[in-house]
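For this chain, numbers begin at 1 and follow the sequence in order. For ligands, and for the atoms within them, numbers begin at 1 and follow the listed sequence.
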Amino acid sequence: MHKSKIAGIGMYVPANVVTNNDLLKYMDTSDEWIQERTGIKERRYAHRTEETTTTMGVEAAKIAIERAGITPQDIDFIVFATLSPDYYFPGCGVLLQRAMQMKEIGALDVRNQCSGFVYALSVADQFIKTGMYKNILVVGAEKHSFGLDFTTRGRNISVIIGDGAGAVVLKPTEKENQGILSTHLHSDGTAAEILAMYNPGTHANHWLNQKVADFNENEIGDMFMSHDMIDKAQNFPFMDGQSVFKKAVVKFPEVIMEALAANGLQTTDINMLIPHQANLRIAQFVQQKLKLSDDQVYNNIQKFGNTTAASVPIALCEAWEAGKIKDGDLVCLAAFGSGFTLASALIKW
Ligand code: COA
């Protein structure tokens, strides 16, 4: 069985920088509140009409493919992670395949929110290990700014989120001491509703303790997206921030320790931890709990906010470009998010 290695990595963030103070014109918030609670100073918002989740993914993919020393026509499978797709369906994978004029290869979309990129990487890793594919493009991209509640009602989540994309090319490696050592995936559906966008959807309140939208059960057709849902802001993400925080600080260290234990390694062996950029306070809590030094953890949420499925590859790419990840380093990727989902990967670079 082959191991897989990251042969090329790229990232793309939109040019439009939105500072905390820029948000004051939409909602009652403050630079001080946002920085103190989340560490975020600014984020990027995609161009409203000229950029989509897929086009940003394409920009990141071009760089990753070039750095891997191949062309888009050499890619033999796409895994695209996003929670903000261009269309409800079809997924972004096929749009990227078309935009990059790739062969008629398989394109799989992964919907695991903030853990999406690490899940996608794990899927790609299995295909390389079995020898089924040789050059897999894994993308995490999000255009959130199109679908956030920019009023005071939605401020707890809207101030956190940003747009961007990251991508890697996975290839087989013959080297004994290189590549993805293991990936670890988990879910806890008991917390599915603490961070969610309820509508449009087909649930018709089925899973919810309280009625969130009115339906006329005798009518057919208006239940997917109604005026009532829009009036109640259910077309925007909902987050119970404190519950998410409490779960994250317990589960995040667990999935990192699981990855280390599976490989007989210790926290001191980690050269670089790339945590999902959810909130600087959560990343700092994890760092303290695992007794990692500042040099062992990379954070860039201050500049980009939480870009969900794009956050891990963007941070990984920046850290690598800055020379903070070198050949032979042990890199740990870890993510948690809506679902509740959890994922980690250990990579010998
Ligand atoms: N600006 C100013 N005030 C805000 C605000 C904002 N953007 N968002 C919320 N508030 C207010 C609330 O309305 C509340 O006001 P009140 O006391 O008058 O009712 C007050 O701040 C405290 O709200 P609370 O939700 O208890 O704040 P918090 O300390 O839990 O911080 C988060 C909020 C969202 C920063 C925090 O819960 C968090 O980081 N959670 C995890 C989020 C996360 O990681 N999400 C991504 C998962 S992938």
Using residues 320-333 as the side-chain source, report each donor-acceptor pair under 3.5 Å to any protein atom, sequence neighbours left out, with the distance given to one decimal.
from   : atom 1 : to     : atom 2 : distance (Å)
Glu321 : OE2    : Arg67  : NH1    : 3.0
Glu321 : OE2    : Arg67  : NH2    : 3.0
Asp329 : OD2    : Lys326 : N      : 2.9

Are Lys251 and Phe336 in a cation-pi setup, meaning NZ or CZ lies under 6.0 angstrom from the ring centre and within 45 degrees of the ring axis?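 Not satisfied by the 6.0 Å and 45° rule.
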
Please work out whether the ring planes of Tyr198 and His203 are parallel, tilted or perpendicular, with thresholds of 30° and 60°.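 The arrangement is perpendicular - the two ring planes meet at more than 60°.
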
As a test of understanding, state which of Arg44, Arg43, Glu59, Lys143 forms a side chain to side chain contact (heavy atoms under 4.5 Å, CB included) with Pro14.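 For Pro14, the side chain to side chain contact (heavy atoms under 4.5 Å, CB included) check succeeds only for Arg44.
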
Do the side chain of Gln277 and the main chain of Asn306 share a donor and acceptor less than 3.5 angstrom apart?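 Checking the backbone N and O of Asn306 against the side chain of Gln277, no donor-acceptor pair under 3.5 Å is found.
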
Joint cluster assignment, Leu280 & Val286, ILVMFWY side-chain distance < 4.5 Å: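 Yes: a chain of side-chain contacts under 4.5 Å links Leu280 to Val286.
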
Please produce the table of protein N or O atoms sitting under 3.5 Å from N or O atoms belonging to ligand 1, one pair a line, distance to 0.1 Å.
from     : atom 1 : to     : atom 2 : distance (Å)
ligand 1 : 1 (N)  : Thr29  : OG1    : 2.6
ligand 1 : 3 (N)  : Trp33  : NE1    : 3.4
ligand 1 : 7 (N)  : Thr29  : OG1    : 3.2
ligand 1 : 7 (N)  : Arg155 : O      : 3.3
ligand 1 : 13 (O) : Arg155 : NH2    : 2.9
ligand 1 : 21 (O) : Trp33  : NE1    : 3.4
ligand 1 : 26 (O) : Gln242 : NE2    : 2.5
ligand 1 : 27 (O) : Arg37  : NH1    : 3.2
ligand 1 : 29 (O) : Arg37  : NH1    : 2.5
ligand 1 : 37 (O) : Gly241 : O      : 3.3
ligand 1 : 39 (O) : Asn279 : ND2    : 2.4
ligand 1 : 40 (N) : Gly241 : O      : 2.9

